[in-house]
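Please read all numbers here as calculations on a predicted model, not as lab measurements.
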Amino acid sequence: MPGPGYRFFGDEERANVRAVLDRWCADREAFDDPGEADMVRRFERAAADRFGVAHCLGVNSGTSALIAALVGLGIGPGDEVIVPGYMFVASIASVLHCGADVVLAEIDESLTLDPDDVRSKITPRTKAIMPVHMLGAGADMTALRHIADEHQVHLLEDCAQAAGAGHRGRPLGTIGRAGTFSLNHFKVITSLQGGFVLTDDPLVFQRAYSFHDQGWFPYREDHGEGDRLLGMNLGLGELHAAVALAQLGKLDRILDRVRAVKRQLVERIGELPDVRRRRLHDPAGECGTVAVYVFDHAKHARDVAERIGAKPLLDSPTHHYGSLPALAAFGRGDRRPVPFRAPGPGRWPRNYERGALPRTDDILARSVALATGVSDGYLGAGFGVHPGSSEAEIDAVAQEFRRAVLGAKTSTARR
């Protein structure tokens, strides 16, 4: 089932798409005209205004946004980027495809980077810290900002799952030197496919633009200030931008509804023994797309997940670092592990497999996610409610979860 933005599709998206098609049909020779990217530019200006930054770059996916941002920051071979052990594979793949090394760090019960572990893994080669704002809620950006400033490294925010979320009054994606977003159909707002980069830094923007559009300076100028890079074709298409622009205009309305649904669900679930809600660094700032419950014991979490037809987060595929060594790296066609490289002998395992990050494994094994806006079994959130759920449906899900928690606890106690 798609994310909440998909449920808000309406006349605005249709009108924007028609406008693009009508313009193309009216002048079939206009494809070399700068107006061909009119909807992309409109979306970029609107996103920059909405999030309060100087620059927005539209791209064709959240992965492309990460790669363009990394290139914009000048990250490449010999550099290290600290990434949480709980993320989506794109967070790691983007670093590796830039030729840099991934250093994985533990998460805490917010399911995001543990600042203390980040600090312990900084080396002279660390170039960036990449907090991944998982399941609609932000990392501890106050602590991570302090660490990044102290060590003079970049802070790159992966906001793919947290469009519109904030931290202490500032939008996520604007606290680091750059922030990246996804617009695929599982995200808060969607253009079915696409992404974007936010930054206040003109050089980061120029380099990211050059890389995303095969060496052009911004807006396809032949000359400009900065670096002309050998790039790729990663641009956001006009039709996708048309949908994204309409969705962006609905972001606050979408978040209001999703947050209200989550609030109703957790209130009706109430307090339960041996389980608590996920820690939130800014409860008012989260998207509210997922309600995560962290149990005292992994067996209790597993039993509850089985009763509601879900899985603990540890078992959600590909998001957890332990699944990644099974992937063939860079299409080589062999089965060797993805080439994570440790910065020094004896620091931590060279190949990341389950057990390398014991606290991350433990937290994810004890965590069960309920859908409140994004319903995605791939995230472990295949059970729950959605923005269109009625009060009766929300109450039914709450009662089913309560019965599962209490029933599993009773069953465990009898053993």
- Can you run down the ring pair (Phe, Tyr, Trp, His ring centres under 6.0 Å) pairs that involve residues 216-259, sequence neighbours left out, and say none if there aren't any? Y209-Y219
- Item | Minimum side-chain heavy-atom gap L248-F43 below 4.5 Å | yes
- Side-chain heavy-atom pair F8, R257 within 4.5 angstrom cut-off: yes
- Query: Could E109 and R279 be called an ion pair, given the rule that one side-chain N must be under 4.0 Å from one carboxylate O?
  - Reply: no
- Message: List the residues meeting side-chain hydrogen bond (donor to acceptor under 3.5 Å, both in side chains) with D140, not counting sequence neighbours, and say none if there are none.
- Response: none
- Keeping the roles fixed (side chain from T126, backbone from A128), state whether a donor-acceptor pair exists under 3.5 Å. no
- Item | Check ion pair K311-E306 (N to O, under 4.0 angstrom) | no
- Message: Evaluate L198 against T180 for side chain to side chain contact (heavy atoms under 4.5 Å, CB included), listing each step before the verdict.
- Response: CA-CA 6 Å; L198 300 180; T180 67; over 6 Å; no
- Nearest heavy-atom approach of T372 to G288 is OG1-O, 2.5 Å
- Quick one: does F181's side chain get under 4.5 Å of L183's, heavy atoms only? no
- Task: Answer yes or no: is there a side-chain heavy-atom contact under 4.5 Å between L104 and L357?
- Result: yes
- Message: Run V81 and V103 through side chain to side chain contact (heavy atoms under 4.5 Å, CB included) and show every step you take.
- Response: CA-CA 6 Å; V81 179; V103 175; over 6 Å; no
- Task: Report the distance from atom CE of M130 to atom CD1 of I92, rounding to the nearest 0.5 Å.
- Result: 9.0 Å
- Message: Tell me if the aromatic rings of F383 and F401 count as close, with their centers under 6.0 Å from one another.
- Response: no
- Message: Using the side-chain hydrogen bond (donor to acceptor under 3.5 Å, both in side chains) criterion, which residues pair with E150? Sequence neighbours excluded.
- Response: R119
- Message: Would you compute the distance between atom CG of D200 and atom OG1 of T174 and round it to the nearest 0.5 angstrom?
- Response: 7.5 Å
- Does E238 pair with R42 as a salt bridge, N-O distance under 4.0 Å? no
- Taking atom types as modelled, find out whether D108 and S110 have a side-chain donor-acceptor pair closer than 3.5 angstrom. yes
- Query: From I147 CD1 over to T142 OG1, what is the distance, rounded to the nearest 0.5 angstrom?
  - Reply: 11.0 Å
- Query: Is any side-chain N of the basic residue among K299 and D303 closer than 4.0 Å to the acidic one's carboxylate O?
  - Reply: yes
- Item | Nearest-0.5 Å distance, CE of residue M141 to OG1 of residue T112 | 9.5 Å
- Would you mind checking if D79 and R125 are paired as a salt bridge, meaning a charged N to carboxylate O distance below 4.0 Å? no
- Looking only at non-hydrogen atoms, find the nearest pair between D117 and E106 and report the distance. OD2-N, 2.7 Å
- Item | Any donor-acceptor pair under 3.5 Å from E157 side chain to I175 backbone | yes
- d(L96 CG, D101 CG) to nearest 0.5 Å is 8.0 Å
- dist R41:CZ -> L236:CG (nearest 0.5 Å) comes out at 9.5 Å
- Query: With a 4.5 Å limit on heavy-atom distance, are the side chains of V204 and H55 in contact?
  - Reply: no
- Message: On a heavy-atom basis, which atom in T289 and which in G136 lie closest, and how many Å separate them?
- Response: OG1-CA, 3.7 Å
- Message: Go through it in stages, so that I can follow the logic: the residues are Q247 and F9, the test is side chain to side chain contact (heavy atoms under 4.5 Å, CB included), and I'd like the CA-CA distance, side-chain angles, deciding distance and then a yes or no.
- Response: CA-CA 8 Å; Q247 287 270 292; F9 267 39; 3.4 Å; yes
- Decide, yes or no, whether a salt bridge links R403 with E400 under the criterion of side-chain N to carboxylate O below 4.0 Å. no
- Is there side-chain contact between R277 and Y293, with at least one heavy-atom pair below 4.5 Å? yes
Let me have the donor-acceptor pairs involving side chains of residues 61-75, under 3.5 Å, with sequence neighbours excluded, atom names and distances please.
residue: S61; atom: OG; partner: T63; partner atom: N; Å: 3.4
residue: S61; atom: OG; partner: S64; partner atom: N; Å: 2.9
residue: S61; atom: OG; partner: S64; partner atom: OG; Å: 3.1
residue: S64; atom: OG; partner: N60; partner atom: OD1; Å: 2.5

- Item | Check: L370 and I269 side chains under 4.5 Å, non-hydrogen atoms | yes
- Message: Quick check: closest heavy atoms across A242 and V20, and the distance to 0.1 Å?
- Response: CB-CG2, 4.0 Å
- Task: Apply the test side chain to side chain contact (heavy atoms under 4.5 Å, CB included) to residues L234 and F211: give CA-CA distance (whole Å), side-chain angles for both, the deciding distance (0.1 Å), then the verdict.
- Result: CA-CA 8 Å; L234 305 177; F211 182 77; 3.9 Å; yes
- Stepwise salt bridge (charged side-chain N to carboxylate O under 4.0 Å, His left out) check, E80 with K121: CA-CA 10 Å; E80 293 172 1; K121 289 180 175 174; over 6 Å; no
- Query: So, for L113 and V118, which heavy atoms are closest and what is the spacing to 0.1 Å?
  - Reply: CD2-CG2, 3.7 Å
- Query: Does D296 come within less than 4.0 Å of R366, counting only side-chain N to carboxylate O?
  - Reply: no
- If only atom types and distance count, is the side chain of H212 paired as donor or acceptor with the main-chain N or O of N233 below 3.5 Å? no
- Note on the structure: residues 119-168 vs ring pair (Phe, Tyr, Trp, His ring centres under 6.0 Å), sequence neighbours excluded, gives none
- Proximity of H185 and Y6 rings by center, below 6.0 Å: no
- Is it true that a side-chain atom of T360 and a backbone atom of I107 form a donor plus acceptor pair closer than 3.5 Å? yes
- Message: Using every non-hydrogen atom in the two residues, find where A305 and V368 come nearest and quote the distance to one decimal.
- Response: CB-CG2, 4.3 Å
- Query: When you measure from the side chain of T190 to the backbone N and O of G5, does any donor-acceptor pair fall under 3.5 Å?
  - Reply: no
- Message: Side chains of R259 and C287, heavy atoms from C-beta outward: is any pair under 4.5 Å?
- Response: no
- Item | Ion pair R168/D282, N-O distance below 4.0 Å | no
- Task: For E12 and K250, run salt bridge (charged side-chain N to carboxylate O under 4.0 Å, His left out): C-alpha distance rounded to whole Å, both residues' side-chain angles, the deciding distance at 0.1 Å, then the answer.
- Result: CA-CA 10 Å; E12 299 88 347; K250 301 175 180 180; 3.0 Å; yes
- Message: Looking at D114 and D116, would you say the former's side chain and the latter's main chain have a donor-acceptor pair under 3.5 Å?
- Response: yes
- Task: Kindly indicate, with the supporting measurements, whether the criterion salt bridge (charged side-chain N to carboxylate O under 4.0 Å, His left out) is fulfilled by R14 and D11.
- Result: CA-CA 5 Å; R14 293 185 183 93; D11 292 340; 3.6 Å; yes
- Message: Please check this pair: side chain of S389 against backbone of V385, looking for a donor-acceptor N/O pair closer than 3.5 Å.
- Response: no
With a 3.5 Å cut-off and sequence neighbours excluded, list the donor-acceptor pairs that the side chains of residues 390-398 form with protein atoms.
residue: S390; atom: OG; partner: E393; partner atom: N; Å: 3.1
residue: S390; atom: OG; partner: E393; partner atom: OE1; Å: 3.4
residue: E391; atom: OE1; partner: R268; partner atom: NH2; Å: 3.2
residue: E393; atom: OE1; partner: S390; partner atom: N; Å: 2.8

- Message: Can you tell whether the side chains of R50 and D252 come within less than 4.0 Å, N to carboxylate O?
- Response: yes
